[in-house]
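Encoded as structure tokens, the structure appears first; notes follow it.
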Protein chains: 2
Amino acid sequence: MKKGPLTIKDIAKDLNISTSTVSRALKDNPDISPETRKMVQDYAKKHKYKPNALALSLRTQRNNIIGVIVPELANHFFSGVLSGMETIAEDKDYHVIVCQSSEDYNREIRNVQTLIKARVCGVLISQSKTTTNYDHFQELLDNDIPVIFFDRICTGIDTDKVVVDDYSGTFTAVEYMIKTGCKRIAFFTAPMHLEISKNRKNGYLDALRKYHLPVDESLIRIADTKLLGYEKAKEILQEPNRPDGFMAMNDYTASGVLLAAKELKLKVPDEVSIFGFSNSNISQDTDPMLSTMDQRPMEVGKQAMELLLEKIENPENTSRKNKIIKTSLIVRQTTRSLPEEL
Amino acid sequence: MKKGPLTIKDIAKDLNISTSTVSRALKDNPDISPETRKMVQDYAKKHKYKPNALALSLRTQRNNIIGVIVPELANHFFSGVLSGMETIAEDKDYHVIVCQSSEDYNREIRNVQTLIKARVCGVLISQSKTTTNYDHFQELLDNDIPVIFFDRICTGIDTDKVVVDDYSGTFTAVEYMIKTGCKRIAFFTAPMHLEISKNRKNGYLDALRKYHLPVDESLIRIADTKLLGYEKAKEILQEPNRPDGFMAMNDYTASGVLLAAKELKLKVPDEVSIFGFSNSNISQDTDPMLSTMDQRPMEVGKQAMELLLEKIENPENTSRKNKIIKTSLIVRQTTRSLPEEL
DNA sequence: GTGAAAGCGCTAACAT
DNA sequence: ATGTTAGCGCTTTCAC
């Protein structure tokens, strides 16, 4: 009676052959006679032999583990992204180790150390909001561990990235409102030092320009929470020349705008159109339900993982790749319908 | 110029000592002279030596990886649970590998195979809704891999479990409504064959009994979605002897009930109290915001992970442990305030 | 067609 | 106080 899991050695002893023969037979090596192969394979199946992944890793120096660092797991977007990553990884026989930075720079550093120690063969990162120094990311590269950033990308490190197309997402949403009759569209955004804000603003401005609508700076406000959305909308909607459309930073802000409009007895979407962003759960909970842009978290996750695995499996290819994930328009009830196409 | 990461061998060669001395010096073994120790440690730090976890695992037959199988990652409860697990694991230097079954029995089987192959040292499972056969779980135990179930426990396998206290959560919520003046409380539940429904119903009934309120079977309805909550509430609220309180299966159902009450111009909470369950995001998005029971996902995750690590580190202790995580009452705006305590 | 032996990185008996 | 050796499970030359 032996202890521990069955090894190649055990099989060899039991079958009176050498370990190398067993090893080869298991991989259907044609050098080995068909009879021996069959014998070994039958034995393995019968005794549920499972190769020791640890020993394998030690030899190949590859453990097929991918590390992922996200700011927060309990978040609709990130858990969706992780879900997408999982899907691809499972397909190609990789495992995913998750770490959360909890938006904390120091914890993020520890996450990186952990992953280096675990000798993962690649890392996917969406950086914490508090991270401003990138030495720890560089350390990954110094250890020859490929890194891909997604969503919250790090512009200070030269590597591949996967981002959501904020520019054209915003452009499309604003264009939709214009096509459905809006003439004065307000833009509620996050602080302008963020990359995301700049891209969204450009999308907004370009849509207005395309349709020759005037740009009114007073319609552009910093508001990225439900409360701020509510307050600023209430303010702006009581001015003489009130807007007839709102492009919000996210669904929470949009829900605040909606609240303000309802309180002012303005009809949504007839008098005021509202567009959210993210397609988070809340967008289906409001009444009327929010029109919004889906950021396709699954797709972000899948693409990032695919990019990484490609890089791992073709290390000689050093070209930079940036993927931009198109958002997808979700028209619900806070915007009007498109007029019939010609 | 050598390639690959620095090994003990490299250090030994460079310092003209043996690998065992290096190994010992790195662990501050007192057998080694302080000078040698310092020399080795300084060298290691300077050259950023990192022990090869793979080689270590091969020796110790332990890789400090924990597998987790959840039905769905993009879910408020499960991502919270995972978050809690992560916290504990990180503390004790374990890694977490996530798998999602996507509520699919066959995928769950594959998840289990994957984890066995990866030779994880323990597994945490919340089973898929479609799982009715437990052979794959048994296989984990046959491979000497400790298993803990959480939330969606498997009653067919003899192992430790961590569950949410549905009984007393419901009891507490119903009791709260009674204390704040409700006399006729409806109970909206999921299908009664589920463990969770039975436990909740018992909590509901016992609370009524404690305060000598009559049980009216017509107030107990199957409703576990927003739509069903809306429909059944609308129905029941228009009957002559309408209820003045609702205990819902989850926050979605509760939001449907709220919608119905608002449409019928009933004042919430003055004329109708409503309790949700889960403390999911939506509970803060409704107007008024829902009173609900928090299921403390973090706590579930932490406790499950602690139980597992204890089992891994003390394999000789074979006693069964079941943990019941108390829910916590969250009073928002769909219930009245408690009268002043005496 | 099969076996013996070396080696992946590290540790721990067992020398000296 | 330090070095030598064997071995964790597996693959892969190199022999025969």
Side-chain angles (χ1 to χ4, degrees), chain A residues 2-41 43-44 47-65 93 116-121 143-144, chain B residues 2-41 43-44 47-65 93 116-121 143-144:
Chain A
K2 58 172 284 297
K3 47 190 158 185
L6 189 69
T7 73
I8 267 193
K9 216 167 156 183
D10 302 322
I11 303 183
K13 198 185 296 173
D14 241 36
L15 259 37
N16 268 312
I17 51 179
S18 76
T19 59
S20 20
T21 305
V22 176
S23 170
R24 283 186 275 237
L26 286 172
K27 335 191 74 184
D28 242 345
N29 185 324
D31 282 357
I32 304 297
S33 75
E35 304 82 56
T36 312
R37 265 187 274 167
K38 184 161 173 24
M39 174 177 71
V40 173
Q41 288 167 11
Y43 186 101
H47 295 77
K48 297 189 186 178
Y49 166 76
K50 305 209 177 53
N52 188 329
L54 275 40
L56 257 186
S57 304
L58 180 58
R59 270 192 65 80
T60 59
Q61 302 283 36
R62 287 281 315 287
N63 58 11
N64 281 27
I65 294 181
D93 238 18
I116 293 179
K117 235 183 71 184
R119 280 189 154 66
V120 295
C121 47
N143 279 275
D144 280 322
Chain B
K2 59 173 283 299
K3 46 190 157 185
L6 190 68
T7 72
I8 266 193
K9 214 166 158 185
D10 302 321
I11 303 183
K13 199 184 295 174
D14 241 36
L15 258 37
N16 266 313
I17 51 179
S18 77
T19 59
S20 26
T21 306
V22 176
S23 170
R24 283 185 276 239
L26 286 171
K27 335 190 76 183
D28 242 346
N29 185 324
D31 283 356
I32 305 297
S33 76
E35 304 82 56
T36 312
R37 265 186 274 167
K38 184 161 174 24
M39 173 177 73
V40 173
Q41 286 167 14
Y43 185 100
H47 294 77
K48 297 192 186 176
Y49 165 76
K50 304 207 178 56
N52 187 327
L54 276 38
L56 257 186
S57 303
L58 180 58
R59 270 192 65 79
T60 60
Q61 302 282 37
R62 289 281 316 285
N63 58 11
N64 280 26
I65 293 181
D93 239 16
I116 294 179
K117 233 182 71 183
R119 280 188 154 67
V120 296
C121 47
N143 279 274
D144 279 321

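- Residue contacts shown for B:S57 are absent, as no nucleic acid heavy atom lies under 4.0 Å away.
- Regarding B:L54, its CG atom lies at a distance of 13 Å from the C1' atom of D:dC10, rounded to whole Å.
- Spacing between atom CD of A:Q61 and atom P of D:dT11 amounts to 15 Å, rounded to whole angstrom units.
- Mapping B:R37 and B:R119 onto DNA chain D by nearest heavy atom places B:R37 at the nucleotide closer to the 5' end.
- Atom CD1 of A:I8 and atom P of D:dC8 are 13 Å apart (whole Å).
- For the OP1/OP2 pair of C:dC10 and a distance below 4.0 Å, the side-chain nitrogens and oxygens of B:T19 include no atom meeting the criterion.
- Of the candidate nucleotides C:dC8, D:dC10, C:dC10, C:dC10 has the atom nearest to the side chain of B:Y49.
- Between the CZ atom of B:R24 and the C1' atom of D:dG3 there is a distance of 8 Å, rounded to whole Å.
- Residues A:N52 and B:Q61 meet the side-chain proximity criterion, which asks for heavy atoms closer than 4.5 Å.
- A side-chain donor-acceptor contact under 3.5 Å links B:N64 to the backbone of B:D93.
- One can place CG of A:L15 at 14 Å from C1' of C:dT2, the figure rounded to the nearest angstrom.
- For B:I17, whose side chain is taken as the heavy atoms from C-beta onward, the closest listed nucleotide among D:dG3, D:dA1, C:dG1 is D:dG3.
- Considering only side-chain atoms of B:A55, the nucleotide from C:dC10, C:dG3, C:dT2 that sits closest is C:dC10.
- Distance, B:N29 CG to C:dA12 P: 9 Å, rounded to whole Å.
- Judged by distance alone, the side chain of B:R37 and the main-chain N or O of B:R24 form no donor-acceptor pair under 3.5 Å.
- Annotation: of the two residues near DNA chain D, B:S18 and A:L58, the 5′-most nearest-nucleotide partner is B:S18.
- Nucleic acid contact for A:N52: sugar-phosphate only, since backbone atoms but no base atoms lie under 4.0 Å from a heavy atom of the residue.
- The two residues B:Y49 and B:I8 have their closest heavy-atom pair at OH-CG1, 3.5 Å.
- To the nearest angstrom, P of D:dC10 lies 19 Å from CZ of A:R62.
- At least one donor-acceptor pair under 3.5 Å links the side chain of B:N63 to the backbone N or O of B:A118.
- Contact check, B:S20 against D:dT2: no side-chain N or O comes under 4.0 Å of OP1 or OP2.
- Judged by distance alone with a 3.5 Å cut-off, no donor-acceptor contact links the side chain of B:T21 to the base of D:dA1.
- In terms of heavy atoms, A:K50 sits closest to B:R119 at O-NH1, 3.4 Å.
- The base of C:dT11 lies outside donor-acceptor range of the side chain of B:T60, with no N or O pair under 3.5 Å.
- Counting any heavy atom pair closer than 4.0 Å across all strands shown, A:S33 reaches sugar-phosphate atoms only and no base atom.
- With C:dA12, D:dT11, C:dG9 as the candidates, the nucleotide lying closest to the side chain of A:L56 is D:dT11.
- For the pair A:R59 CZ and C:dC10 P, the interatomic distance rounds to 16 Å; values are reported in whole Å.
- At least one side-chain nitrogen or oxygen of A:K9 sits closer than 4.0 Å to the OP1 or OP2 atom of D:dC8.
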